[in-house]
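Written out below as structure tokens is the structure these notes cover.
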Amino acid sequence: MTSPLGTLASSRIDLPARRDAAPHGYDAGLLLLRLALGLTMAAHGAQKLFGWFGGPGLDGTGQFFTMSGYPAGRTMAVVAGLSETLGGLGLVAGLLTPLAGAAVVGTMVNALAVKWGGGFFAPKGVEYELLLTAGAAALTLTGPGRYAVDRLLPGLRSVRPLHGVLALLLGVVLAGGVLLVRK
């Protein structure tokens, strides 16, 4: 007797066994993302803090923050510069990755708020800031991979999604608090 159409027996398809990518491939990809995103953010922070790489330094960045509606522009420049520099370097090293990623996300949420309304594409758009935010959030949630200092720290040896979620919530809540004081 044959099986009627639509039953499990008649709908089986033999597929070749799927090969999962080697774990080291994933880890190398995460390392590449951490290096690119982290060094980019650290360089942006160094522009703000030290005027390196043609940046405006604390005075110029502080004036920009004041013009953008933030109180105590110079203080905000220090906060943004430290968040970008330390968050970026933390991502590069894979050190305290959830917090490093959250620092970058929080800074970038404010950058998105300042630039919002100029469209999506450069020079006034937000695509660059959105990409940095998404990359930092992804690293916060996935963890740094094997090639990271976090692998040497007992509490961060294995990826715990809750750490990433809590860190992102912290970054977004603090960014929201900073946005609330903006005029």
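Values below: all heavy atoms of this structure, side chains included; hydrogens, waters and symmetry mates excluded.
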Under the ring-ring contact (aromatic ring centres under 6.0 Å, His included) rule, collect the residues that match up with Trp52, sequence neighbours excluded.
Phe50
Test of understanding: with ring-ring contact (aromatic ring centres under 6.0 Å, His included), list the residues that count as partners of Phe64, not counting sequence neighbours.
none
Could you go through the side-chain contact (heavy atoms from CB on, under 4.5 Å) check for Met108 and Met41 one step at a time?
CA-CA 10 Å; Met108 296 315 299; Met41 290 309 302; 3.6 Å; yes
Between CG of Leu166 and CG of Leu99, what distance do you get to the nearest 0.5 Å?
10.0 Å
Thr66 side, atom OG1; Lys183 side, atom NZ - distance, nearest 0.5 Å
8.5 Å
Restricting to side chain to side chain donor-acceptor pair (under 3.5 Å), what partner residues turn up for Arg146, sequence neighbours left out?
Asp27
I'd like to know whether Thr97 forms a side-chain contact (heavy atoms from CB on, under 4.5 Å) with Leu91, so could you lay out the CA-CA distance, the side-chain angles of the two residues, the decisive distance to 0.1 Å, and finally the verdict.
CA-CA 6 Å; Thr97 304; Leu91 289 176; 4.1 Å; yes
Treat each ILVMFWY residue as a node, draw an edge where side-chain heavy atoms are under 4.5 Å apart, and state whether Val173 and Leu168 are in one component.
no
Donor-acceptor check, side chain of Arg34 to backbone of Leu139, threshold 3.5 angstrom: yes or no?
no
Can you list, by chain and residue number, the hydrophobic cluster partners of Met67 when the side-chain cut-off is 4.5 Å?
none
Run the side-chain donor-acceptor check on residues 118-128: report pairs under 3.5 Å with partners two or more places apart or on a different chain.
{"residue": "Glu127", "atom": "OE1", "partner": "Ala122", "partner atom": "N", "Å": "2.9"}
{"residue": "Glu127", "atom": "OE2", "partner": "Ala122", "partner atom": "N", "Å": "3.2"}
{"residue": "Tyr128", "atom": "OH", "partner": "His44", "partner atom": "NE2", "Å": "3.0"}

Distance, nearest 0.5 Å, that separates CG of Leu132 from CG of Leu112:
9.0 Å
For residues 67-87, the ring pair (Phe, Tyr, Trp, His ring centres under 6.0 Å) pairs (sequence neighbours left out) are Phe65-Tyr70
Output for pair (Leu30 CG, Leu37 CG), nearest 0.5 Å, gives 12.0 Å
CG-CG distance between Leu179 and Leu174, expressed to the nearest 0.5 angstrom
11.0 Å
Would Val109 and Val178 satisfy side-chain contact (heavy atoms from CB on, under 4.5 Å), going step by step from the backbone distance to the final call?
CA-CA 10 Å; Val109 165; Val178 171; over 6 Å; no
Atom OG1 of Thr61 and atom CG of Leu49: how far apart are they, to the nearest 0.5 Å?
8.0 Å
